[in-house]
Amino acid sequence: MGTHNHHHDYNFGEKFQFAGIAKILSLVGIAVGVVAIAFGLLSSDHIMVERTYANLLLMGYYFTCVCAAGAFFLALQFVTQSGWSAGLIRIPQAMASVLPIAAIILFVIVGLGLFTHNLYHHWHADGLMDPDSPHYDALVAGKQAFLNVPGFLIRQILFMGTYSIFAFILAKLSYKEDLEGGLNSYKKSFKLSAIFLVIFGFTTPIWSFDTVMSLEAHWFSTMFGWYNFAAMWVSGLAVIIVILVLLRKAGYLAWVNENHLHDLGKLLFGFSIFWTYVWFAQFMLIWYANIPEETVYFYKRWEPEYKPWFWLNIIINFLAPLLLLMDRDVKRKEGLMLFVAILLLCGHWLDYYIMIMPGTVENHRGFGVIEIGTAIGFVGLFTFLVMSKLSKHALAPKNHPFLEESLHHQI
């Protein structure tokens, strides 16, 4: 992989062919998911229905977060005028293009969850806000200005809608650049990205307060938004690495080499540590201050059915990347990076599981057909949508102003 390759050695017009086993497996995955979700929702046992909703929320949120992280990656590359990533930018672009679909799916899940009282019943149950009701809850009533159904749904539409519009336009501008050349698209992308990053930075914490933190409406943490952002960013990076390595193994993206993988590995390593930093900041302050209204959150997660998972979460998401990605050589080997990225994606599924389950199914948590089936379904859907999008355009942004820099990237 010498650095002296010139343009004519690479086929920048190559397109990914989404067919064969990859396509069949993604469709089988979707079918498995549909069966598992139907099995849960049609159950006569109310706990099973609630558990299915909790899993739908978990995977719908995860799916949307990963696509949003793709858009965030794009915007970051434009604003920092990074050159190294130009050769692989089509991967996060495909993820960002799928964000509108992911957002609609998540919106349907939270909407149905609210109206069937299977999700968010901590603040959306009858009588909670009514002082004369036996179910009156002064704490929740005090948060009524924020925690009410119209406000909640409007915020979901505003936040996810805004992210989707920016993601869509950024991807569209890049495909336009392929056709027209010049710097026009790049300059527009730069401006849009700067605006998007400000909006995204200020609204993602509120979005995660709504979607996940309000499941346990008594408890709040100012660190929660950053904790969710860190999880989202690490998961997004891991997905980019998985897609990149699999595409390279299939013979595509010849212009991307171990130097680019090394950079992605450094980001994955760094932000896994950042995730731990936020997790620890939230945990340590609550544990040390020992204030009952704060400790209630961790008290639930230290019950026997959650405690082993609680610690496993830290082992997978902190210790594993710390020990596995410390070494320079590991970050340059495709097979090892693929393993670490998949491990972290499982780890962050567990992280979301621990965030969502105690506030929904509480001590009736399970791990079985519904959890595994829902996860397989969403992975299949994500693969199908992102790979279909990826196959529609050339894999290299041939008129990207920094493509040459990306080809000669060496660290």
Side-chain angles (χ1 to χ4, degrees), residues 1-16 69-96 170-171 173-175 177-178 181-183 185-187 189-190 193 197 233-234 236-272 321 324-341 344 390 393-411:
M1 285 192 193
T3 53
H4 303 297
N5 289 322
H6 290 298
H7 272 187
H8 57 262
D9 294 339
Y10 295 124
N11 171 21
F12 285 140
E14 82 170 354
K15 285 189 175 183
F16 168 64
F72 179 77
F73 186 96
L74 282 183
L76 204 58
Q77 305 312 308
F78 286 123
V79 167
T80 53
Q81 299 198 338
S82 298
W84 69 273
S85 57
L88 55 92
I89 205 77
R90 284 288 193 250
I91 298 171
Q93 235 162 49
M95 289 155 63
L170 283 175
L173 280 170
S174 176
Y175 302 134
E177 180 184 72
D178 277 7
L183 280 174
S185 293
Y186 190 83
K187 285 176 174 166
S189 301
F190 181 89
S193 298
L197 287 180
W233 185 223
V234 170
L237 288 166
V239 171
I240 292 170
I241 289 167
V242 170
I243 298 174
L244 175 68
V245 173
L246 293 176
L247 282 175
R248 296 231 348 113
K249 284 187 187 293
Y252 297 99
L253 295 173
W255 54 87
V256 177
N257 57 43
E258 67 272 23
N259 296 295
H260 303 90
L261 192 63
H262 187 169
D263 268 349
L264 285 168
K266 285 192 284 194
L267 285 168
L268 194 67
F269 175 72
F271 281 96
S272 288
L324 294 168
L325 294 179
M326 185 76 84
D327 189 36
R328 180 177 193 267
D329 291 345
V330 171
K331 296 195 277 280
R332 299 174 78 86
K333 290 193 173 71
E334 289 185 350
L336 285 167
M337 282 301 288
L338 182 64
F339 169 74
V340 175
L344 281 175
L390 205 57
H393 301 275
L395 282 172
K398 63 175 191 281
N399 292 321
H400 193 294
F402 294 133
L403 185 59
E404 194 69 35
E405 189 181 330
S406 185
L407 302 181
H408 294 267
H409 181 55
Q410 202 171 15
I411 44 174

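Computed over heavy atoms, backbone and side chain alike; hydrogens, waters and symmetry mates excluded. We're numbering straight along the sequence, starting at 1.
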### Task
Measure across Ile241 and Gly265 and return the closest heavy-atom pair with its distance rounded to 0.1 Å.
CD1-N, 4.5 Å

### Message
With side-chain contact (heavy atoms from CB on, under 4.5 Å) as the criterion, how do Phe72 and Leu197 come out once you've worked through the C-alpha distance, each side chain's angles and the decisive distance to 0.1 Å?
### Response
CA-CA 7 Å; Phe72 179 77; Leu197 287 180; 3.5 Å; yes

### Task
Could you tell me whether Phe190 and Phe78 have their ring centroids closer than 6.0 angstrom?
no

### Query
Do other residues, nucleotides or ligands put more than 12 heavy atoms under 6.0 Å from Lys266 NZ?
yes

### Message
Side chains of Asn257 and Arg332 only: does a donor on one sit below 3.5 Å from an acceptor on the other?
### Response
no

#### Entry: Distance in Å, Glu334 CD paired with Arg248 CZ, rounded so as to fall on 0.5 Å steps
5.0 Å

### Query
At what distance, to the nearest 0.5 angstrom, does CE of Met95 lie from CZ of Phe73?
9.0 Å

### Task
Answer whether the closest heavy-atom distance between the side chains of Phe269 and Val340 falls below 4.5 Å.
no

### Query
Given side chains that start at C-beta, do those of Leu74 and Gln93 come closer than 4.5 Å, heavy atoms only?
yes

### Message
Within the structure provided, determine whether Pro401 and Leu183 are in side-chain contact (heavy-atom separation under 4.5 Å).
### Response
yes

### Query
How long is the span from the CD1 atom in Ile91 to the CG atom in Leu395, to the nearest 0.5 Å?
8.0 Å

### Query
Hey, mind stepping through Lys331 and Leu268 against side-chain contact (heavy atoms from CB on, under 4.5 Å) and telling me if it holds?
CA-CA 10 Å; Lys331 296 195 277 280; Leu268 194 67; over 6 Å; no

#### Entry: Short side-chain donor-acceptor distance under 3.5 Å, Glu404 and His408
yes

### Task
Could you tell me the separation between the CG atom of Leu76 and the CG atom of Leu267, rounded to the nearest 0.5 Å?
8.5 Å

### Query
Going by atom types alone, do Ser406 and His260 pair a side-chain donor with an acceptor below 3.5 Å?
yes

### Message
Using the salt bridge (charged side-chain N to carboxylate O under 4.0 Å, His left out) definition, which of the options Arg90, Lys15, Lys398 pairs with Asp178?
### Response
Arg90

#### Entry: Leu264 and Leu88: CA distance, side-chain angles, deciding distance, side-chain contact (heavy atoms from CB on, under 4.5 Å) verdict
CA-CA 11 Å; Leu264 285 168; Leu88 55 92; 4.1 Å; yes

### Task
Would you confirm whether the ring centroid of Trp84 sits within less than 6.0 angstrom of the ring centroid of Phe402?
no

### Task
Look at the aromatic rings of Tyr175 and His393 and report parallel, tilted or perpendicular, splitting at 30° and 60°.
parallel

### Message
When you compare the side chain of Val245 with that of Leu261, does any pair of heavy atoms fall below 4.5 Å?
### Response
yes

### Message
Please report the interatomic distance OG(Ser193) to CD(Gln81), rounded to the nearest 0.5 Å.
### Response
10.5 Å

### Message
Let me confirm one number: the CG-CG distance from Leu407 to Asn259, rounded to the nearest 0.5 Å.
### Response
12.0 Å

### Task
Could you tell me whether the side chain of Glu14 reaches within less than 4.5 Å of the side chain of Trp255, counting heavy atoms only?
yes

